[in-house]
Structure formats: structure tokens, C-alpha cells
Participant: 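There's a structure below that I have some questions on.
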Amino acid sequence: VQVVESGGGLVQPGGSLRLSCVVSGTSITSYTMGWYRQAPEKQREWVARVSERGTTSYADSVKGRFTISKDNAENTVSLQMNSLKFEDAAVYFCNTRFENFPWGQGTQVTVSS
């Protein structure tokens with residue numbers, strides 16, 4: 001199994017980014033998939049998840065601003081991030097709810113004015 005995240009970049013506060021995660025080597029259809037992030041000198045934290053049935057849940061810090069989606073046909077998971085804040089800056093990762101897959105390299109999100 002391989003996980004490849006992309007879509008990060010530099011954005012101003014209030015801006016938007018859309019992250020994508022492509023999984024190869026297995027189907028994600030039966031998995032609850034999630035996005036996680038890790039800021040410098042902090043532990044990795046959960047951000048959002050989408051169940052195999054499409055039910056979504058979010059960390060309080062991103063609720064109302066981020067939207068997670070899953071495309072089983074394309075084996076991809078996306079994260080639409082709006083109204084970005086300085087504190088959203090981190091490396092973002094994709095994995096299952098129980099972190100079954102090897103961690104990818106992540107994609108860097110930088111929020112700066």
C-alpha cells in the first residue's frame with residue numbers, strides 16, 4: 001500500500017486549499033479514511049474522517065471550515081480547506097481511521113501573510 005498526498009502550498013490567512021490523497025495497492029472502499037496533521041514540535045493530530053458510508057466528522061478546530069470527501073472509484077480522499085488560519089499550518093497526512101496504512105510523505109500547508 002502506498003499513500004501519496006498533494007495539494008499543499010503557501011496561502012494567506014482566509015485563503016483556501018484543496019488537498020488530495022491517492023492510495024494505491026488496496027481499495028479504500030471499506031475503510032474509514034482520515035486526514036491528520038502535524039505542526040512543528042507538536043504531535044500528529046486527527047483533523048477529519050469519512051466513513052465507508054460517507055459519514056463525516058471533524059475536529060472542533062476545523063469544523064465548519066474543512067470538508068472531507070472520498071472517491072472510491074478513484075481511490076482518493078480530498079480535504080477542502082477554507083478560511084485558513086495561521087494555526088492550520090502543518091504537514092497534512094492521509095490514512096485510515098486506525099492508521100493501518102504506511103504513512104506517506106505528507107503535504108506541507110503554510111499559512112502566512
Side-chain angles (χ1 to χ4, degrees):
V1 176
Q2 185 175 22
V3 178
V4 179
E5 301 93 347
S6 64
L10 173 63
V11 63
Q12 292 185 340
S16 299
L17 282 174
R18 185 175 180 84
L19 307 184
S20 293
C21 162
V22 179
V23 178
S24 59
T26 191
S27 170
I28 65 172
T29 301
S30 60
Y31 286 99
T32 292
M33 296 297 299
W35 281 94
Y36 302 78
R37 67 186 181 188
Q38 186 168 18
E41 300 182 2
K42 290 188 176 181
Q43 288 192 334
R44 186 176 288 152
E45 63 176 356
W46 165 73
V47 175
R49 71 169 66 98
V50 53
S51 77
E52 58 270 31
R53 296 185 178 184
T55 303
T56 58
S57 54
Y58 300 91
D60 287 343
S61 58
V62 307
K63 201 172 293 183
R65 301 187 297 120
F66 290 11
T67 303
I68 188 171
S69 59
K70 184 169 172 258
D71 185 331
N72 291 326
E74 297 293 327
N75 235 35
T76 60
V77 186
S78 298
L79 185 69
Q80 178 66 42
M81 306 188 298
N82 299 329
S83 303
L84 282 160
K85 303 177 180 181
F86 289 118
E87 52 263 42
D88 294 319
V91 179
Y92 283 72
F93 301 88
C94 172
N95 209 318
T96 68
R97 177 176 184 177
F98 298 109
E99 305 174 18
N100 303 99
F101 296 164
W103 291 99
Q105 293 296 310
T107 186
Q108 177 75 52
V109 172
T110 303
V111 183
S112 175
S113 54

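Index from 1, following the sequence.
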Participant: Carefully, step by step, assess Arg18 and Ser69 under the rule side-chain contact (heavy atoms from CB on, under 4.5 Å).
Facilitator: CA-CA 11 Å; Arg18 185 175 180 84; Ser69 59; 3.8 Å; yes

Participant: For a 4.5 angstrom cut-off between non-hydrogen side-chain atoms, does Ser20 reach Thr76?
Facilitator: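 The answer is no, as the side chains (C-beta and beyond) never meet within the 4.5 Å cut-off.
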
Participant: Of all the heavy-atom pairs spanning Glu5 and Val3, show the shortest one and how long it is.
Facilitator: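 So the minimum-distance heavy-atom pair works out to OE2-CG1, 3.6 Å.
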
Participant: If hydrophobic clusters are built by linking Ile, Leu, Val, Met, Phe, Trp and Tyr wherever their side-chain heavy atoms come under 4.5 Å apart, do Val91 and Leu84 end up in the same one?
Facilitator: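 No; Leu84 is not reachable from Val91 via cluster members.
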
Participant: Would Lys63 and Asp60 pass as an ion pair if we require N to O under 4.0 Å?
Facilitator: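 Salt bridge flag = yes for Asp60 with Lys63.
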
Participant: Determine whether Gln12 and Ser112 satisfy the following criterion, side-chain hydrogen bond (donor to acceptor under 3.5 Å, both in side chains), listing intermediate values before the conclusion.
Facilitator: CA-CA 5 Å; Gln12 292 185 340; Ser112 175; over 6 Å; no

Participant: Quick check: is Phe98 connected to Trp103 through a chain of hydrophobic side chains (ILVMFWY, heavy atoms under 4.5 Å apart)?
Facilitator: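 Not linked; separate clusters.
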
Participant: Can you tell me how far the CD1 atom of Ile28 sits from the CZ atom of Phe101, to the nearest 0.5 Å?
Facilitator: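 So the gap between those two atoms works out to 7.5 Å.
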
Participant: Mind checking the CG-OG spacing from Asn72 to Ser30? Nearest 0.5 Å is all I need.
Facilitator: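 It comes to 9.0 Å.
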
Participant: Determine the minimum heavy-atom distance between Thr107 and Gly7, stating which atoms define it.
Facilitator: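 Answer, listing the atom of Thr107 first, then Gly7: OG1-N, 3.7 Å.
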
Participant: If hydrophobic clusters are built from ILVMFWY residues whose side chains come within less than 4.5 Å, do Val23 and Trp46 share one?
Facilitator: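 No, no single cluster joins them.
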
Participant: I'd like to know if the side chain of Lys70 reaches the main chain of Arg53, judged simply by a donor and an acceptor atom lying under 3.5 Å from each other, with no hydrogens or angles considered.
Facilitator: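 Here the side-chain-to-backbone pair does not exist.
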
Participant: Under the 3.5 angstrom rule, does the side chain of Tyr31 hit a backbone N or O of Asn95 as a donor-acceptor pair?
Facilitator: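 Answer holds: no.
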
Participant: Are more than 12 heavy atoms from other residues, nucleotides or ligands located less than 6.0 Å from atom CD of Gln105?
Facilitator: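 Atom CD in Gln105 is not crowded, with 12 or fewer foreign heavy atoms closer than 6.0 Å.
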
Participant: To the nearest 0.5 Å, what is the distance between OH (Tyr36) and CZ (Arg49)?
Facilitator: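 It is 6.5 Å, given to the nearest 0.5 Å.
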
Participant: Where the side chain of Asn75 meets the backbone of Thr26, is there a donor-acceptor pair that is under 3.5 Å apart?
Facilitator: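 Yes; judged by distance alone, with no hydrogens or angles, the pair exists.
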
Participant: If I compare all heavy atoms of Trp35 with all of Cys21, which pair ends up nearest, and what's the gap?
Facilitator: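 Looking at all heavy atoms of both residues, the shortest contact is CZ2-CB, 3.6 Å.
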
Participant: Would you say Val109 and Tyr58 are hydrophobically clustered, going by side-chain heavy atoms of ILVMFWY under 4.5 Å?
Facilitator: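 Linked, Val109 and Tyr58 end up in one cluster.
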
Participant: Hey, does the side chain of Lys42 reach the backbone of Ala90 with a donor-acceptor pair shorter than 3.5 angstrom?
Facilitator: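 Between the backbone of Ala90 and the side chain of Lys42 there is no qualifying donor-acceptor contact (under 3.5 Å).
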
Participant: To the nearest 0.5 Å, how far apart are CG in Leu79 and CZ in Arg37?
Facilitator: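 Going from CG on Leu79 over to CZ on Arg37, the span is 9.5 Å.
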
Participant: How far apart are the C-alpha atoms of Thr96 and Met33, what are their side-chain angles, what is the distance that settles it, and do they pass the side-chain contact (heavy atoms from CB on, under 4.5 Å) test?
Facilitator: CA-CA 4 Å; Thr96 68; Met33 296 297 299; 3.9 Å; yes

Participant: Determine, stepwise, if the pair Val11 / Ser16 fulfils side-chain contact (heavy atoms from CB on, under 4.5 Å).
Facilitator: CA-CA 7 Å; Val11 63; Ser16 299; over 6 Å; no

Participant: Just how far is it from atom CG of Leu19 to atom CZ of Phe66, taken to the nearest 0.5 Å?
Facilitator: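 CZ of Phe66 is found 8.0 Å from CG of Leu19.
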
Participant: Keeping Gln80 on the side-chain end and Thr67 on the backbone end, is there a donor-acceptor pair under 3.5 Å?
Facilitator: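 No; judged by distance alone, with no hydrogens or angles, the pair does not exist.
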
Participant: Give, for atom CG of Asp88 and atom CG of Asn82, the distance between the pair rounded to the nearest 0.5 Å.
Facilitator: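 If I round to the nearest 0.5 Å, the distance is 10.5 Å.
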
Participant: Hydrophobic clustering (ILVMFWY, side-chain heavy atoms < 4.5 Å, transitive) - are Phe93 and Met81 grouped together?
Facilitator: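 No, Met81 and Phe93 fall in different hydrophobic clusters.
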
